[in-house]
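Shown next, in structure tokens, is the structure this report addresses.
Keep in mind that what you see is a predicted model, and the values were worked out from it rather than measured. Protein chains get the first letters and strands the later ones, always in sequence-line order, with residue 1 at the start of each. The analysis underlying the following values was restricted to heavy atoms, covering all of them including side chains, and did not include hydrogens, waters or symmetry mates.
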Amino acid sequence: MSVAKKVPKNTVASIILNEVLNHCPAKLSNRGRRALVRGVTKSPMHLFLIFLRIVFLLGFLVVVFKLLAGYAMFYTFLALVNQTSNEWYKGRRNLGTTGTGSCTRLSGPLIKKMLDSMDNVLFDCDGVIWRGDQAIPGTPDIINLLKKNGKKVFFVTNNNTKTRKMYADKLALMGFNVTEDDVFGTAYCSAMYLKKVSKLHGKVYLMGSNAMRQELEKVGIQQTGVGPDPISGVQMDWANVPLDPEVKAVVVGFDEHFSYMKLNRALQYLNNPDCLLVGTNTDTRLPLEEGKAVPGTGCILKAVETAAQRQAQTVSKPKHIMYDCVASQFGLYSARCLMVGDRLDTDFLLGSVADAEGHQESGCPERLGLVPDYYVKIIAELLPALQG
Amino acid sequence: MAGARALGFKGCLKIGGSQIRNLLNAKDFFLFDCDGVIWHGEEAITGAPTVVSSLIKHGKNVFFVTNNCTRPRKNYVNKFYRLGFTDVMQEQIFSSSYCSALYLRDVAKVQGKVFVIGGEGVRNELLQAGISFVGDEDAPDGTIFNCALASDVKAVLVGHDDKFTFLKLAKASCYLRDPECLFLATDVDPWHPLQDGRILPGSGCLTAALEVATGRKAMVIGKPSPFMFECISSQFRVDPAQCLMVGDRLETDMLFGANCGLDTMLTLTGISQMKTAQEYRDSDHSTNQSFVPDYVVDTIADFLPAFED
């Protein structure tokens, strides 16, 4: 019982110890008694610590579970509403201005509210303003009303087969009240890019149309190569074709005279790593009148890029160069610009790169990371808001 | 010495002397690229004719595998003879144009016409194989806005065409709108060098343009696709483990060898340099390992000492 003396009386430990000793059937050895005392004297503190550990562990597990559950529920929600997290956050950001999330069908008072928040509207042309040489019904009125309502309206197109003047004339024939300054085609923007951004001093080897030649000459850049531009002789002659030493860039647009020989000449120029390679756009098809189409500039550009084993600098949508071309001339504030187009992969990247809200005709797109903010079936739906 | 990589070589092993002799003893089938390996343009590489003759004399099987589709095989035989390779027969020559014709006749079994973007080399092989084709038989005033399309075109074959025009591109993309219409390319080489080192655009550029126009991928016949090896195997009993592919272009010849399970040798008389091969070998991307040759020689004339015994 000397062991028991080590335990103070009238404590929980002593009570437990007495109980155990009273009920213990076997005789305990001294060592056994010492172990028992150790266990009993530690018991309350030990239990309390264990209790604390359990509490914290459980608490930790609950917190982790809640985080995981929240994460899983959020992403399940996004999957059900078919958005990415980026789109959802963007939608939340717009909640203050529109009251809805992204890819919203525009209708009713929402149209007026949206239009009031915009100062400038940029329209893609093919499929939005016109199809071939026919204006889409209702669009001339919309454009004219937008202007009447104090909005600035611009026409942006990847097509490089016409000059700005030619586009303005085409639009005027269709009933639009526009001037040359309102139109931005890639022929013009390429010329401006070479002049203002690349600060090109020298000539250009042009694989493109007469329109491109005119736009280049208007900004004072001389070109060589427009038209068939054949080379005679045998392979050795082609590879050693005389090159104009003043040529500092190869510019590729839509060229119906595209041929192996022109491709070869471009390659010979591009063998010089300092020679720039600029493309107007990467569209795979060029729409013609009467609904026909032919391979687009993108095909010609790809051939040149493959031969020269390098990437061209493209001017068109979706790169921001075209938007910058418009914005820099008119001092546009991108947060108050609306881009209206019908091609997710070109028009909306323009919009999103410029941080402008985009809106699209015909249907809500699947995830391309390019979800427009609004959509309408046809832009004539905007008419009532403008007239009212 | 089958599967040198399996023995732990990382590749790019410069070999000479007795190592070459051992390699020559171990292999029975030698596949040579032509441009940059046995000749440059109209000049044979010094010692190359002797190497080829010696290999044949020693009972080795020698084949020539080239992406160059600008001439038919019988013209190639003339060129071989002209440059001093007197023992080479037409059956040993496998060009991408010949193999394209074989593909259309024996594999695709095409019933109907083939729209050809290519020169005499391709057309001649199609004629030899009995395949009917249409090409640039345009009305002189045909433009992209009003050209006529032939009926019954079941395949489009793109090869090297120095008379390529936008009109051909437009026509080909019209034919390829039919998903049943086959889309074949002789090869995808982006450029090829001439004797003096200058380069010209290759078939790869034209194929790329058509792929963008149609949104379809071409079936490639030439290297690095393994089809040319299948052609050889269908005519001769070839064991890949007994083969050595000798070429000068890492992205074409070495990749072809890797795709067919052959040992590969780079010769430095052509396009690719040792430095590039070493960069591929030391790169982190596992796909780059297929470009790495097993062996490297300065020129195939390095084989000559191995025969002196």
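- Heavy-atom neighbours of chain B within the stretch residues 242-250 of chain A, taken at a separation under 4.5 angstrom, are nonexistent.
- Around the NZ atom of B:Lys113, the shell of radius 6.0 Å holds more than 12 heavy atoms that belong to other residues, nucleotides or ligands.
- Partners of A:Trp130 by side chain to side chain donor-acceptor pair (under 3.5 Å), not counting sequence neighbours, listed by chain and number: A:Asp126.
- For B:Leu210, no part lies under 4.5 angstrom from a heavy atom of chain A.
- Judged by distance alone, with hydrogens and angles left aside, the side-chain atoms of B:Ser173 form a donor-acceptor pair with the main-chain N or O of B:Ala170 at under 3.5 Å.
- Both the backbone and the side chain of B:Leu169 come within less than 4.5 Å of a heavy atom of chain A.
- The backbone N or O of A:Asn160 sits nowhere less than 3.5 Å from a side-chain atom of A:Thr280 that would complete a donor-acceptor pair.
- Heavy-atom pairs under 4.5 Å with chain B peak, among A:Asn240, A:Ile300, A:Asn271, at A:Asn240.
- Applying the side chain to side chain donor-acceptor pair (under 3.5 Å) test to every pair with at least one member in residues 205-214 of chain A, sequence neighbours left out, gives these pairs: A:Tyr205-A:Asp229, A:Asn210-A:Arg213, A:Arg213-A:Glu217.
- A side chain to side chain donor-acceptor pair (under 3.5 Å) with A:Asn158 holds for exactly one of A:Thr186, A:Thr282, A:Asp283; it is A:Asp283.
- Annotation: maximal heavy-atom pairing with chain B below 4.5 Å, among A:Ala308, A:Ala307, A:Pro228, occurs at A:Ala307.
- Contact residues of residues 178-188 of chain B toward chain A are absent (heavy-atom distance under 4.5 Å).
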